[in-house]
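Read the structure below first, then the notes.
Note that the numbering runs from 1 along the sequence shown for the chain. Both counts, for ligands and for their atoms, begin at 1 and track the order of listing. Side chains are part of it too, since the values below use all heavy atoms of this structure and drop only hydrogens, waters and symmetry mates.
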Amino acid sequence: MSVGIDDISFYTSNFYLDLKSLADVQNIDAEKYYQGIGQEKMGIVGADEDVVTMAAAAALPLLERCERSQIDTLMFATETGVDQSKAAGVFVHGLLDLPNRCRVVELKQACYSATAAIQMACAIVARDPRRKVLVLASDIARYDLASSGEATQGCGAVAVLIGANPKLVEIAPESGRYTEDVMDFWRPNYRSTALVDGKYSTKIYLTALKQAYSDYLEQGGAEFDQLDYLCYHLPFSRMAEKAQTQLSRYTHSERDKEALDAMVMPTLNYNRIIGNSYTASIYIGLASLLDNPELELSGQRVGFFSYGSGCVSEFFSGTVMPGYRDYLHTDKHQAMLQARTELSYTEYLKFYNFECPADGGDHRMPEQTKGPFRLEAINQHKRVYSAR
Ligand code: HMG
């Protein structure tokens, strides 16, 4: 029996800022963003959206094909939690009308936690192959205005269904890990924006990549040149190029630059126009790869490098299943992205500066999202969600 990804779908907000608008205000060349960090647009959430509404929207298409009663466990991975006590996944459980006989939990370790959830989900399914586990990863990347991280903001959610004999990607059991206590990026409980030591964070990311990959090899994983594609954690798209150069040198790969680029470029299409979606980003990268109409991926081996600042990382691989194309949500993804509204810089500032009321009153949220779910109100400190 094999275990892996049975279905995958993602969602991002209806609003975005083109990074040229940011560059114009900063009086710098937009190519620094378009080429230098490889980003064109960043997703911006409306006041009535959060990680719950995005995750529920990402999961909706999966429920068209999967019996709700099969979902044994819902794991919600995020570093943008909405409550210190209640798991964001419990709100999603309600919005999606999932069965009461289901366990729900929230996981956190910066951008890494979705991978922890997927590995744990595979273990649950291996124990009882009748079960399916719904893994939701949802995040909103926010940095201070005028900080180095501002251009690497973004938002998005991905829903991944883990099951036995999967339709999309079989996940191999070998995996390599690397953890080290470092302060490259963090967000204390009293802050709504992350703090980051930008250049240091990229160095630590690359160190963790080498370490996790060498552990993966020691655990019996595939040689670099046996991998056909690579999904990296994507804080910004150029990071994947830096990672690919690093790993190919480290492994003395015989592939030339063109072949190395071809392994990662198809994973970047969505990230370039969404921005950093933290723990969701690596799996939105997988959706970008699978959705590519020009590639026939059946039987191809995909490597995954998951990195979460702080830091915890993991390298593993999977194989794309024959017939995978029949189970994708490509058209929905494309339609959702095409329906987005561009914000001017002034509108972006308004969205950015919106502060969630925290006084315990009855507050209706401005109607902004066109997505299937919204945060309708915050009343007596309770979040009230609804379907649109
Ligand atoms: P910066 O100082 O804004 O940019 O910081 P820079 O000056 O280093 O320029 C970036 C690149 O653009 C450079 O290329 C320039 O040469 C190039 P590189 O040297 O890297 O090859 N450039 C141009 N290219 C073309 N035309 C031009 C031009 N001008 C310059 N005109 C930094 C960049 C990434 C540090 C910043 O954006 C940042 O702090 N971002 C946030 C932190 C981050 O994303 N770190 C990534 C690793 S950590 C991670 O992945 C975890 C994370 O997702 C969080 C989590 O785990 O939860 C962040």
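Pairs of residues two or more places apart, or lying in two chains, never qualify as side-chain hydrogen bond (donor to acceptor under 3.5 Å, both in side chains) while including a residue from residues 194-205.
Looking at D6, its side chain does come within 3.5 Å of a backbone N or O of K167 through a donor-acceptor pair.
Protein residues with any heavy atom under 4.0 Å from ligand 1: D29, E31, K32, G36, E79, A110, C111, Y143, S148, G149, T152, F185, V196, G198, K199, S201, T202, Y205, H233, P235, F236, R238, K242, N276, Y307, G308, S309.
Annotation: F351 is in aromatic contact with F15 [ring centroid separation under 6.0 Å]. Taking the six-membered ring for Trp and the full ring otherwise, the centers of Y278 and F185 sit less than 6.0 Å from each other.
In this view, E150 and Y348 satisfy the side-chain hydrogen bond (donor to acceptor under 3.5 Å, both in side chains) rule, not counting sequence neighbours. In terms of the salt bridge (charged side-chain N to carboxylate O under 4.0 Å, His left out) criterion, residue partners of D261 (sequence neighbours excluded) are, by chain and number, K257.
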